[in-house]
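Accompanying notes for the structure given below.
Note on naming: letters A, B, ... go to the chains in the order of the sequence lines (proteins, then strands), and numbering restarts at 1 for each one.
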Amino acid sequence: MKIATFNINGIKARHQALCDWLDESDVDVVLLQEIKSVNENFPSELFEDRGYNVAVHGQKGFNGVAILSKLPLEDVSRGLPGDESDEQSRWIEATVTGERAIRVCGLYLPNGNPAPGPKYDYKLAWMERLRRRAEELLAAEEPALMAGDYNVIPQPEDAAKPEKWETDALFLPQTREAFRKVVNLGFTEALRARTRSPGVYTFWDYQAGAWNRNDGIRIDHVLLTPQAADLLRDVEVVSELRGREKPSDHVPVVVDLEA
DNA sequence: ATGGTGGCAAGGCCA
């Protein structure tokens with residue numbers, strides 16, 4: 001089973017590019033972030049026509065996550081637990097069953113800039129809620145993954161120019177520590193597990209020719225429970241999409257699970 | 001130090 005995470009930066013502007021990729025790839029499940037759309041305006045038919053089931057957790061203008069799946073989506077849950085007052089749409093999860101049942105969680109972790117400030121406080125609080133949900137997933141001792149735009153550069157080697165990010169919310173020591181706290185509960189970070197991955201990025205800013213100079217960062221991650229890590233066959237970053245017409249500033253990360 | 005780009009949606013906000 002191939003499961004992808006992809007921050008598409010606006011479904012309205014990107015549905016054609018997304019469909020082009022779906023038509024030429026063989027992904028079974030796609031976790032989308034930054035759809036920037038309310039549920040009613042999400043073009044579900046485009047994906048249903050291609051054999052995908054669709055679950056959306058949208059929001060007007062910003063954020064928004066969704067799941068596309070060729071397998072039925074069961075037990076869909078929207079919103080990260082732990083704060084009833086949080087109105088931002090950044091989390092969606094569901095169970096997909098091929099040879100094995102996998103719990104897939106799609107997430108769009110807050111950017112957090114400028115730091116310090118209320119947005120950074122929100123990011124850290126969100127990461128603490130993520131940690132608590134992560135503990136529950138591990139306790140279930142079943143195949144599960146949390147994939148998405150984490151807005152975290154885990155290590156200096158995950159940025160072409162780490163010095164540029166020193167005071168940025170994506171790379172501050174507190175951010176990296178909070179991410180480590182989640183991973184070290186017992187997850188396998190899929191790409192890091194497969195390669196040392198220096199020079200492998202998933203985001204290039206639209207500005208200043210970042211793509212042409214390969215001035216990227218690796219901030220889209222797939223975290224696997226031990227039971228899912230046992231099923232890991234392959235990991236791929238589809239960086240080629242970043243060079244196409246009207247690209248997202250992120251590219252997909254695809255894991256292939258024996259499931 | 002500033003500005004550099006892009007999406008949503010219709011004026012800024014967010015990244």
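The gap from the C1' atom of B:dG4 to that of B:dA15 amounts to 14 Å, rounded to the nearest Å. Remark: the separation of the P atoms in B:dG6 and B:dT2 is 23 Å, to the nearest Å. Between B:dA9 and B:dG3, the distance separating the two C1' atoms is 24 Å to the nearest Å.
Looking at A:Asn7 and A:Asp220, their side chains never bring a donor and an acceptor atom within 3.5 Å of each other. A:Tyr52 and A:Ser44 form no side-chain donor-acceptor contact under 3.5 Å, judged by distance and modelled atom types alone. Using a 3.5 Å distance cut-off with no hydrogens or angles, the side chains of A:Trp126 and A:Glu128 do not pair a donor with an acceptor.
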> How would nucleotides 10-15 of chain B be written as a contact map, 5' to 3', with B for base contact, S for sugar-phosphate-only contact and - for no contact, using protein heavy atoms under 4.0 Å?
Replying inline: S--BSS
Kindly list each side-chain donor-acceptor pair under 3.5 angstrom involving residues 234-241 of chain A, sequence neighbours excluded, with atom names and distances?
unit_1	atom_1	unit_2	atom_2	d
A:Glu240	OE1	A:Arg244	NH2	3.1
A:Glu240	OE2	A:Arg244	NE	2.7
A:Glu240	OE2	A:Arg244	NH2	2.9

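Remark: A:Asn9, A:Gly10, A:Ile11, A:Lys12, A:Ala13, A:Arg14 in residues 5-19 of chain A come within less than 4.0 Å of DNA chain B through at least one heavy atom.
Screening residues 65-77 of chain A for side-chain hydrogen bond (donor to acceptor under 3.5 Å, both in side chains), with sequence neighbours left out, gives A:Glu74-A:Thr97. The stretch residues 229-255 of chain A participates, sequence neighbours left out, in these ring-ring contact (aromatic ring centres under 6.0 Å, His included) pairs: A:Phe203-A:His250.
In this structure, A:Glu245 places its CD atom 16 Å from P of B:dT5, rounding to the nearest Å. Remark: C1' of B:dT5 and CG of A:Asp215 are 14 Å apart, rounded to the nearest angstrom.
Under the salt bridge (Lys or Arg N to Asp or Glu O under 4.0 Å) criterion, A:Arg192 pairs with A:Glu157, A:Asp158, not counting sequence neighbours.
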> Given the rule in the salt bridge (Lys or Arg N to Asp or Glu O under 4.0 Å) test, do A:Asp86 and A:Arg129 qualify, once you have shown the distances and angles that lead to the verdict?
Replying inline: CA-CA 11 Å; A:Asp86 185 2; A:Arg129 287 161 60 199; 2.8 Å; yes
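Here A:Lys246 reaches the OP1 or OP2 of B:dG7: one of its side-chain N or O atoms lies under 4.0 Å away.
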